[in-house]
Amino acid sequence: MTRAKSYQAPRGTVDILPEEQPYWRYVEQAAAAVSRRYGYRRIDTPAFEETGLFTRSVGEGTDIVDKEMYTFDDKGGKSLTLRPEGTASVCRAYIQHGMANLVQPVRLYYLASIFRYERPQAGRFREHHQFGCEAIGDADPALDAEVIDLAWRFYHDLGLRGLALHLNSIGCRQCRPAYLEALKAYYKKHVNELCPDCRVRLVSNPLRLLDCKQPSCQPLADAAPTGIGYLCEPCAGHFAALERHLGLLNIPYATNHRMVRGFDYYTRTVFEILPPDAGGQASLGGGGRYDDLIEALGGKPAPAIGFAAGIERIILNLKKAEVGVPALPALQVFIACLGEAARDEAVRLAARLRQSGTGVVTATGGKSLKAQLRQANSLGARFAVILGEDEVRAGTATLRDMAGASQKTVPLDELPRRLAD
Ligand code: HAM
């Protein structure tokens, strides 16, 4: 008989196997703990939304909307999209559930899978996971500093060191048009030196000229007019206040006028956190203000700021820096048994132990005692309970401490108490 076709996980996706889970629990627990310390409450939104939510918020003309969304029609003919980021969904939920009526700002966090049809490479996946937080309903620069501080603390708590914080302001509806004009005027003078993509950007999305990765465009982008130089008075004041707050918090940062981020919803503050040996695609997290987004999605105007961190990239960096993560709780008991009566007793004993909260695996398949103990060992069990015909008749079991390899005979009735954690 020919073997049936076998399948691989889709390109750009990975299975998170049991061996990897300690890293995931470690990062998720750090995310939950830092969120609690800053008063952020968890929200979970659906993995897919109406397509229009993302085209309207992330913006047509961005790579994400134009090239990277997993969009499909459902059986009812409605266009849906797997979320390519988390902010739009949280804003949709904020509006839908009337959170504008709560005390502002509303602080929310999420752990969510994110889908982008990107070219897979190290640290870049088609399904990745983010820890994100959003603070909605307040324009105070202290809130920008709080979100950056939360992010900074989070990486520190995880044990990552030597990270860099890049900061920029891209202004608001009032001042950005003049900046974009200045950028266009500058780039038009150099149009012959631009890469083909940048020639398109010059017309479609001039801000993105600044983060072109082509070597030939680097000197031009470095010498381009800076957003900070074109901020209106309120935006300049906001940026100065943020800088002052970061000083109060002792958070080191570099202003980077070329960091503009790939979403149309940003206003004013944008920031990214980079690992020590940052390459083009390496950012560990990023965020910014989006003061107009809630209104653009049909809500009452509510200024907001948020941030998201990529969990896969964090884990890559934890491994690179050899940060040890706590092991997950080991299996408590393996029950080995020999003979029919012992097998029946094993079923009863496993049920009793589990009811009292002990983790139990019982032997299956009639293997030899040696093979069963090997299995107990490979499962990392702390104890093996060995049941043979004689023991069952006497109402006892052999209790073996797997680490010390010592063993003793114990009455069956005493086992639940002895094995309780
Ligand atoms: P983002 O910069 O697109 O921002 O994504 C946040 C983080 O997710 C990145 O810094 C990176 O660590 C990780 N990431 C992004 N794409 C991939 C990928 N293809 N593979 C692996 N990791 C990836 C946002 O998504 C915004 N929603 C953040 C935000 C929240 N802004 C305001 N609030």
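In each ligand, atom 1 is the first atom listed, and ligand 1 is the first ligand listed.
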* Does L297 reach the side chain of L53, with side-chain heavy atoms less than 4.5 Å apart? -> yes
* To do: Find out whether R116 and F125 are in side-chain contact, i.e. whether some heavy atom of one side chain is under 4.5 Å from a heavy atom of the other.
  => no
* To do: Go through the structure and list residues passing side chain to side chain contact (heavy atoms under 4.5 Å, CB included) with A142, not counting sequence neighbours.
  => D140, H245
* Does the ring of Y23 carry K319 above it, NZ/CZ under 6.0 angstrom from centre and within 45° of its axis? -> yes
Write 'none' if nothing qualifies; otherwise put on separate lines each N/O atom of ligand 1 with a protein N/O atom under 3.5 Å away and their distance to 0.1 Å.
residue	atom	partner	partner atom	Å
ligand 1	2 (O)	R261	NH1	2.9
ligand 1	2 (O)	R261	NH2	3.0
ligand 1	3 (O)	R116	NH1	3.0
ligand 1	3 (O)	R116	NH2	2.9
ligand 1	4 (O)	R261	NH2	2.9
ligand 1	5 (O)	Q130	NE2	3.2
ligand 1	8 (O)	Q130	NE2	3.3
ligand 1	10 (O)	S283	O	3.3
ligand 1	10 (O)	S283	OG	2.8
ligand 1	10 (O)	G285	N	3.2
ligand 1	12 (O)	S283	O	2.7
ligand 1	12 (O)	L284	O	3.4
ligand 1	12 (O)	G310	N	3.3
ligand 1	14 (N)	H128	NE2	3.3
ligand 1	16 (N)	R116	NH1	3.2
ligand 1	19 (N)	E118	OE2	2.5
ligand 1	19 (N)	F125	O	2.9
ligand 1	20 (N)	F125	N	2.9
ligand 1	25 (O)	R116	NH2	3.1
ligand 1	25 (O)	Q130	NE2	3.3
ligand 1	27 (N)	E85	OE1	2.6
ligand 1	27 (N)	T87	OG1	2.9
ligand 1	27 (N)	Y265	OH	3.1
ligand 1	31 (N)	Y266	OH	2.6
ligand 1	33 (N)	T87	OG1	3.1
ligand 1	33 (N)	E134	OE1	2.8
ligand 1	33 (N)	E134	OE2	3.1
ligand 1	33 (N)	F307	N	3.2

* Looking at Y7, does the NZ or CZ of K5 lie under 6.0 angstrom from its six-membered ring centre and within 45 degrees of the ring axis? -> yes
* Structure fact -> Minimal heavy-atom distance between L328 and Q21, with the atoms involved, is CD1-CB, 3.9 Å
